[in-house]
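So the structure is just underneath, and the comments pick up after that.
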Amino acid sequence: MHRYLILLLALLQSYCVLAVGGHQLNLAGQWSVQLDPEDMGVKNGWTNRSFTTPIKLPGTTDDAGLGAANSLTPALTKPQLSHLTRKHRYVGAAWYSKELFIPKGWAGKEMILKLERIIWESNVWVDGVEIPQKQRSLVGSHEFDLSSF
């Protein structure tokens with residue numbers, strides 16, 4: 001059995017696990033991503049599609065070289081020392097997708113998707129159907145019950 005898992009996140013930085021009972025399906029590895037700076041993904045029907053830009057999770061858009069490149073030249077001067085900078089800067093919605101194969105033996109069991117290091121808000125779609133549990137938190141993990149999906 002396979003499912004498309006689509007995540008709309010305000011910057012998924014790191015760790016995803018799908019847990020069933022005492023078993024876990026580690027979701028680390030290759031995903032696809034689409035930046036959505038205008039927040040048009042839902043309106044444009046991105047809830048059940050794969051994207052073309054690869055990204056490795058755990059990781060960040062900065063790690064993947066996505067976003068605006070930092071134009072500051074390294075130096076010991078005020079502009080460079082006055083604030084922290086990233087190699088690539090992106091603040092906004094990003095869509096992540098991955099095709100999963102759920103073991104047949106997991107049917108009917110509780111399945112919890114756990115996302116960590118989310119910057120504020122996350123939504124999840126499975127095969128184009130939104131999980132009705134939008135999450136908002138900067139400090140805790142975001143958990144979605146996927147049992148009925």
Side-chain angles (χ1 to χ4, degrees), residues 1-20 23-102 106 111-149:
M1 169 189 306
H2 70 280
R3 300 271 186 232
Y4 264 108
L5 180 64
I6 305 289
L7 306 174
L8 167 63
L9 308 172
L11 288 176
L12 172 67
Q13 286 195 353
S14 191
Y15 185 72
C16 305
V17 171
L18 181 61
V20 177
H23 304 305
Q24 290 188 348
L25 180 61
N26 186 343
L27 302 179
Q30 198 68 30
W31 285 66
S32 62
V33 64
Q34 177 66 49
L35 301 183
D36 187 9
E38 302 298 322
D39 206 12
M40 299 293 289
V42 173
K43 182 179 178 183
N44 291 334
W46 295 3
T47 61
N48 194 25
R49 64 178 273 212
S50 186
F51 307 106
T52 58
T53 304
I55 189 167
K56 185 176 178 183
L57 297 178
T60 66
T61 54
D62 183 30
D63 293 335
L66 302 173
N70 182 348
S71 61
L72 288 175
T73 304
L76 294 174
T77 60
K78 191 171 184 173
Q80 287 83 347
L81 297 174
S82 65
H83 59 279
L84 297 175
T85 60
R86 305 290 305 197
K87 289 182 180 180
H88 295 87
R89 181 171 115 38
Y90 178 74
V91 176
W95 291 72
Y96 297 80
S97 68
K98 182 176 186 76
E99 187 172 355
L100 304 177
F101 293 92
I102 308 296
W106 287 15
M111 286 191 256
I112 305 297
L113 174 67
K114 183 177 180 181
L115 307 173
E116 294 186 356
R117 299 184 184 111
I118 305 299
I119 297 179
W120 186 241
E121 185 175 290
S122 63
N123 300 13
V124 173
W125 285 263
V126 175
D127 293 338
V129 177
E130 186 173 10
I131 308 300
Q133 303 170 301
K134 180 184 284 192
Q135 301 282 310
R136 289 187 177 124
S137 175
L138 285 172
V139 295
S141 64
H142 294 199
E143 295 186 8
F144 293 87
D145 185 352
L146 305 182
S147 303
S148 61
F149 293 88

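Note that the numbering runs from 1 along the sequence shown for the chain.
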Inter-residue atom distance [X].[atom1] - [Y].[atom2], 0.5 Å rounding:
{"X": "E143", "Y": "E116", "atom1": "CD", "atom2": "CD", "value": "8.5 Å"}
{"X": "F144", "Y": "W125", "atom1": "CZ", "atom2": "CH2", "value": "9.0 Å"}
{"X": "Q30", "Y": "K98", "atom1": "CD", "atom2": "NZ", "value": "7.5 Å"}
{"X": "T77", "Y": "L72", "atom1": "OG1", "atom2": "CG", "value": "8.0 Å"}
{"X": "D127", "Y": "E99", "atom1": "CG", "atom2": "CD", "value": "9.0 Å"}
{"X": "D63", "Y": "I55", "atom1": "CG", "atom2": "CD1", "value": "7.5 Å"}

Can you find a heavy atom in the side chain of [X] that is under 4.5 Å from one in the side chain of [Y]?
{"X": "R136", "Y": "W120", "value": "yes"}
{"X": "L35", "Y": "F51", "value": "no"}
{"X": "T47", "Y": "N123", "value": "no"}
{"X": "P37", "Y": "Y90", "value": "yes"}
{"X": "L27", "Y": "L57", "value": "no"}
{"X": "N44", "Y": "D36", "value": "no"}

Legend entry - Heavy-atom neighbours of E38 CD exceed 12 at 6.0 Å: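 It does not: E38 CD has 12 such atoms or fewer within range.
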
Inset, instruction - Show your reasoning for whether side chain to side chain contact (heavy atoms under 4.5 Å, CB included) applies to W95 and V42. - result: CA-CA 10 Å; W95 291 72; V42 173; 3.9 Å; yes

Which atom of [X] lies closest to which atom of [Y], heavy atoms considered:
{"X": "N26", "Y": "A28", "answer": "OD1-N, 2.8 Å"}
{"X": "A94", "Y": "V33", "answer": "CB-CG2, 4.3 Å"}
{"X": "H142", "Y": "S122", "answer": "ND1-OG, 2.6 Å"}
{"X": "S50", "Y": "S97", "answer": "CA-OG, 3.4 Å"}

Inset, instruction - Scan for salt bridge (charged side-chain N to carboxylate O under 4.0 Å, His left out) pairs involving residues 64-89, sequence neighbours excluded, and state none if there are none. - result: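 Passing the test, one end in residues 64-89: D62-R86.
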
Inset, instruction - Report yes or no: does S147 contribute a side-chain atom to a donor-acceptor pair with the main-chain N or O of M111 at less than 3.5 Å? - result: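 Answer holds: yes.
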
Inset, instruction - Determine, step by step, whether I102 and L25 satisfy the side chain to side chain contact (heavy atoms under 4.5 Å, CB included) criterion, reporting the C-alpha distance in whole Å, the side-chain angles of both residues, the deciding distance to 0.1 Å, and the verdict. - result: CA-CA 9 Å; I102 308 296; L25 180 61; 4.2 Å; yes

